[in-house]
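Source: prediction; values computed, not measured. Remember, it's 1-based here, ligands and their atoms both numbered in the order they're listed. One is the number of the first residue; the rest follow in order along the sequence.
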Amino acid sequence: MREIAAILDFGSQYTQLIARRVREAGVYCEIVDHTLTASDIEKIKPRAIILSGGPSSVLDAGSPDIDPAVLASGLPILGICYGIQLITKKLGGAVIRGTRGEYGPATIDVLDPQTIFHGLDRSLDVWMSHGDQVESVPSGFSVLASTDSCPVAAIGDDDRRIYGVQFHPEVVHTPFGTEILRNFLFRIAGLSGDWTMSRFIEESVEKIRRQTDRSTVICALSGGIDSSVVAALIDRAIGHRMKAIFVDNGLLRKREVEEIRSIFTEDYPLDITVIDARREFLDALKGVTDPEEKRKVIGKVFIDVFRREAEKVSDAHFLAQGTLYPDVIESRSVRGGPSATIKSHHNVGGLPKELGFELIEPLKELFKDEVRRLGRELGLPPRLLERMPFPGPGLAVRVIGEVTEDNLGVLRKADAIVKEEIRKSEHYRDIWQAFAVLLPVRTVGVMGDERTYANVIALRIVASQDGMTADWVKVPYDILGRISARIINEVRGVNRVVYDISSKPPSTIEWE
Ligand code: XMP
């Protein structure tokens, strides 16, 4: 029986981070909506509950609330930020509006070095981010820590096993935050932390076998980490009943098709079919310059090609998708609601329902870093697991303007040089993506004694945790210089290289 912790989400930007920290401690957890009733929550069978922070104030009418029966359930509870305030208010203490908010580093004095502060120093650096604060604790509670400006920085009731912290233990700026969470999970809730990747594999394999019975499962393999891990996991479960389809759309990087083929025939043999659909994609892209139009055309052709190939597989009732946990949470986040379409994302994880398959989504409980760990555990080779993310529409969104075979050829060469030089440098591990973009702009240059009039390549090198936000990387000048010199010397048709120094937001990572 899996040990589960439930995280009630009150809309904090850090809710996912709490979940990751809990899982890093070896405890499986799920993020659930704060509006769930105690009996809904009971169905998940949690052994511990964490209340997240949130942007609201418990003092405002209509602020996110909790079913009082959750607090009376007898389960161990830890409230973080908004969570401590809600516990205080609901159980009879008092919360006041701070005269001014407290945002940033603070040092707490630990008044009670037991329970959640067990084994830690009496003075701890923490990260605060709150407007309101607890003025008086509910009966049965005592103050466990305080700071000058926040006299009630942590509270606890040992009998009811309910605790609260005003600061954020889940962020890296609270250096001993993980220990505080572990104290709660292990010492207070009595969990053992036995959730491991090998256990996840065992459970998934069992589930996939049961779900698919004797029929065949099709995997749309993109060569990215998620779809590769899905294919490997399903292969582990049902072997030859898994058919992987890899579509070569002609928009891939240098030697990419060969590499994928060699990975899945030599390093990690799978039943893989590579479909050469280059002509079909390039024909459909003729004359298309608008970024959204490009994405739509590519998405449509992909579905046509995929449908054709899938129909050739007999007994196939299932289609595997690489949906991850953040996708699941995003679709029902308390902050959710309609957001503007910045780019219509295309990836193999988004095949339409009309294809008529039943879906298998074995990664939908996992975060990206857990998928990497799972891939390692399954024995996928590092050359696959260390690949940088690559968008579904491929190089088409990095050739600005019309996509032609010539343009793709120029970009591929430049891109390979960027990858080679970055891989050689010690910065490789800190980089989320490093690639070249071909601009439809020609500028004048001089080579030897000759005037040149050729295209510009932009370099995009960013650091990011999840692709949602990103910083441009301060790559040392000598590396940038080497990349520039090599591209201009080795790639015909390029006489200028520029470096993109924009962060996301307000820019995006890809140029289209
Ligand atoms: P943007 O350009 O939106 O990209 O800042 C964020 C991350 O997503 C990748 N990306 C895509 N991935 N299908 C994908 O699977 C797509 O259509 C797509 N568009 C962008 C991008 O490379 C970056 O890592």
Side-chain angles (χ1 to χ4, degrees), residues 219-231 246-253 256 260 281 284-285 288 290-303 306 320-328 330-331 339-352 361 363-364 367-369 371-372 384-400 403 411-412 415 418-419 422 428-439 458-473 500-512:
C219 286
L221 198 64
S222 72
I225 295 173
D226 304 344
S227 68
S228 302
V229 171
V230 167
F246 179 86
V247 176
D248 177 2
N249 57 10
L251 305 168
L252 302 169
R253 291 162 288 187
E256 187 154 15
I260 295 299
F281 280 89
L285 282 168
V288 180
D290 177 73
E292 272 303 286
E293 188 60 27
K294 269 186 201 173
R295 284 172 173 270
K296 292 204 173 103
V297 167
I298 293 166
K300 184 180 167 307
V301 177
F302 184 84
I303 289 162
F306 190 80
Q321 295 209 140
T323 317
L324 302 192
Y325 195 44
D327 308 328
V328 178
E330 285 304 315
S331 63
S339 59
T341 302
I342 311 294
K343 298 176 185 186
S344 27
H345 270 222
H346 159 73
N347 51 28
V348 294
L351 286 165
E361 297 173 303
L363 309 184
K364 72 167 190 270
F367 288 108
K368 188 83 181 178
D369 47 341
V371 174
R372 269 208 189 92
L384 183 113
L385 296 171
E386 284 164 14
R387 301 180 95 204
M388 290 172 182
F390 187 62
L395 298 181
V397 291
R398 297 180 182 169
V399 168
I400 311 306
V403 182
L411 179 60
R412 243 180 227 121
D415 188 66
V418 177
K419 300 252 164 20
I422 290 293
Y428 185 66
R429 288 193 179 277
D430 310 325
I431 287 171
W432 170 260
Q433 275 170 304
F435 57 86
V437 180
L438 178 66
L439 308 189
L459 307 178
R460 187 69 167 137
I461 306 176
V462 296
S464 173
Q465 290 291 318
D466 49 16
M468 304 291 287
T469 60
D471 266 335
W472 61 279
V473 178
D500 178 350
I501 52 169
S502 353
S503 292
K504 174 183 179 175
S507 302
T508 55
I509 297 177
E510 303 289 346
W511 278 42
E512 288 194 336

Numbered atoms and elements of ligand 1 in range of [X], under 4.0 angstrom, heavy atoms:
| X | value |
| --- | --- |
| W432 | 24 (O) |
| K504 | 1 (P), 3 (O), 5 (O), 6 (C) |
| G467 | 6 (C) |

Given I260 and R387, is the side-chain contact (heavy atoms from CB on, under 4.5 Å) satisfied, shown in steps? CA-CA 11 Å; I260 295 299; R387 301 180 95 204; 3.4 Å; yes

Point-to-point distance, once rounded to the nearest 0.5 Å, from [atom1] of [X] to [atom2] of [Y]:
| X | Y | atom1 | atom2 | answer |
| --- | --- | --- | --- | --- |
| L251 | R412 | CG | CZ | 7.5 Å |
| E510 | F390 | CD | CZ | 8.0 Å |
| L395 | D415 | CG | CG | 6.5 Å |

Options Q433, E510, R295, M388, ranked by nearest heavy atom to atom 24 (O) of ligand 1, top entry: Q433

So, regarding [X] and ligand 1 (criterion: nitrogen or oxygen to nitrogen or oxygen, under 3.5 Å), is there a contact or not?
| X | value |
| --- | --- |
| I509 | yes |
| R398 | no |
| P393 | no |

List the residues meeting side chain to side chain donor-acceptor pair (under 3.5 Å) with R253, not counting sequence neighbours, and say none if there are none. E256

In terms of heavy-atom contacts, S503 and A470 come closest through CB-O, 3.3 Å

